[in-house]
Amino acid sequence: MDLNRLNRLNRLNRLNRLNPWDRWSRYRFRSVWDLDAPPARVYAELEQPGQYPLWWPQVRRVEPVDDRTGTALVRSVLPYVLRVTATELLRDPVRGVLEVALRGDLDGWARWTVRARGAAGGGRTRALYEQEVEVRRASMRRLALPGRAVFRLNHALMMRAGHRGLQSRLGGSPEAV
């Protein structure tokens, strides 16, 4: 059994034992970024999380722990900073996939899938970001139900700024999706 499937099964087993109210602390996000740059160039930027603070304003700091792990401080519009440790699960430039396990204020996983968009060799890319997490930070868990819509909006604003920042770094303006 591969590591990804084992992690997902462990997560499902843990979720089945949770208090029903805990489901409000779990999130599934999906963002699509259409970018005017070749897939290889987009992938090369996304596989360097230590550079994210240079183009993604909400990623305040990334500190490497080892070759596969780093800790990030993230803050969007709401007045809190999330501390997350990301450990590489998959780095596959041929398939255009980057996947990490997340631990800390958020527990779960995140994945980028980078593909060519439009005609072959057109130099355009679609980057799909997927994330499944459970909030572990106590203050956010207490606000899980009343704050859910605000937390989701906060994430959407962060992703929009990241999209714009990456497109700017790549040398163009982002397309709305």
Side-chain angles (χ1 to χ4, degrees), residues 7-8 10-12 14-15 17-35 42 45-65 68-89 97-114 125-170 172-177:
N7 285 338
R8 288 187 180 119
N10 285 338
R11 188 170 54 250
L12 285 174
R14 189 182 75 243
L15 293 176
R17 295 187 305 261
L18 292 176
N19 177 322
W21 284 101
D22 286 345
R23 71 185 175 113
W24 297 107
S25 294
R26 293 192 303 267
Y27 293 85
R28 180 178 292 167
F29 297 107
R30 183 178 189 274
S31 296
V32 177
W33 294 2
D34 286 337
L35 300 156
V42 172
E45 288 293 338
L46 293 174
E47 76 174 337
Q48 299 178 57
Q51 300 297 307
Y52 285 19
L54 298 176
W55 55 267
W56 199 336
Q58 292 77 11
V59 179
R60 301 300 171 99
R61 184 171 45 192
V62 176
E63 297 175 359
V65 173
R68 296 181 54 238
T69 306
T71 300
L73 299 178
V74 180
R75 179 172 187 246
S76 189
V77 176
L78 296 176
Y80 60 82
V81 175
L82 294 175
R83 182 180 179 89
V84 179
T85 299
T87 301
E88 181 182 298
L89 295 175
V97 178
L98 296 162
E99 187 170 341
V100 296
L102 302 172
R103 300 289 178 260
D105 290 337
L106 303 175
D107 184 18
W109 61 270
R111 175 177 44 239
W112 284 106
T113 305
V114 178
T125 300
R126 174 159 287 171
L128 170 63
Y129 179 80
E130 299 168 285
Q131 181 184 46
E132 287 188 25
V133 293
E134 180 179 350
V135 175
R136 305 304 303 161
R137 187 178 189 157
S139 60
M140 290 178 65
R141 289 178 71 81
R142 283 191 295 277
L143 296 171
L145 183 56
R148 188 168 181 84
V150 175
F151 293 154
R152 292 187 70 78
L153 175 61
N154 194 58
H155 186 271
L157 294 172
M158 176 181 161
M159 295 305 291
R160 184 173 69 182
H163 181 200
R164 289 178 175 164
L166 181 57
Q167 185 61 70
S168 178
R169 184 169 176 90
L170 294 168
S173 60
E175 293 183 27
V177 175

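Keep in mind that this is a model prediction, so the values were computed, not measured.
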Of the non-hydrogen atoms in L54 and R169, which two are nearest, and what is the gap between them?
CB-NH1, 3.9 Å
Quick one: closest heavy-atom pair of W24 and A144, and the distance?
O-CB, 3.7 Å
Roughly how far, to the nearest 0.5 Å, is the OH atom of Y129 from the CZ atom of R30?
13.5 Å
Value rounded to 0.5 Å, distance of CZ in R164 from CZ in R160
4.5 Å
Rounded at 0.5 Å granularity, tell me how far CG in L98 sits from CD in E88.
7.5 Å
Going by heavy atoms in the side chains, are W109 and E130 under 4.5 Å from each other?
yes
Within the 4.5 Å heavy-atom criterion, are L89 and V100 side-chain neighbours or not?
no
Atom pair CZ/CG of R126 and L35 - distance to nearest 0.5 Å
10.0 Å
For a quick test of reading the model, state the closest non-hydrogen atom pair linking L106 to R136 and the distance between them.
C-CG, 4.3 Å
What do the steps show when you test F29 against M159 for side chain to side chain contact (heavy atoms under 4.5 Å, CB included), and what is the final call?
CA-CA 10 Å; F29 297 107; M159 295 305 291; over 6 Å; no
Which pair of non-hydrogen atoms, one from P79 and one from R75, has the smallest distance, and what is that distance?
CA-NH2, 3.1 Å
Give me the atom names and distance for the closest heavy-atom approach of V133 to Q131.
CG1-CG, 3.6 Å
With a 4.5 Å limit on heavy-atom distance, are the side chains of M158 and V74 in contact?
yes
Side chains of L170 and E45: does their closest heavy-atom pair fall under 4.5 Å?
yes
Do T113 and E99 have side chains that approach each other closer than 4.5 Å (heavy atoms only, starting at C-beta)?
no
Under the side chain to side chain contact (heavy atoms under 4.5 Å, CB included) test, which residues partner Q48, sequence neighbours left out?
Q51
For salt bridge (Lys or Arg N to Asp or Glu O under 4.0 Å), just list the numbers for E134 and R141, CA-CA rounded to whole Å, side-chain angles, deciding distance to a tenth of an Å, and then say yes or no.
CA-CA 9 Å; E134 180 179 350; R141 289 178 71 81; 3.1 Å; yes
Relative to each other, are the rings of Y27 and F151 parallel, tilted or perpendicular (30° and 60° limits)?
perpendicular
Taking every non-hydrogen atom, the tightest pair across L46 and Y52:
O-OH, 2.6 Å
Would you mind reporting whether T87 and R103 have side-chain heavy atoms less than 4.5 Å apart?
no
Are the side chains of V62 and W56 in touch, meaning some heavy atoms are under 4.5 Å apart?
no
Under 3.5 Å, side chain of S76 to main-chain N/O of N154, donor-acceptor pair present?
yes
Answer yes or no: is there a donor N or O on one side and an acceptor on the other, between the side chain of D105 and the main chain of R83, under 3.5 Å?
yes
Return yes when atom CZ of R137 has more than 12 non-hydrogen atoms of other residues, nucleotides or ligands closer than 6.0 Å, and no otherwise.
yes
Would you say H163's side chain and V32's backbone share a donor-acceptor pair under 3.5 angstrom?
no
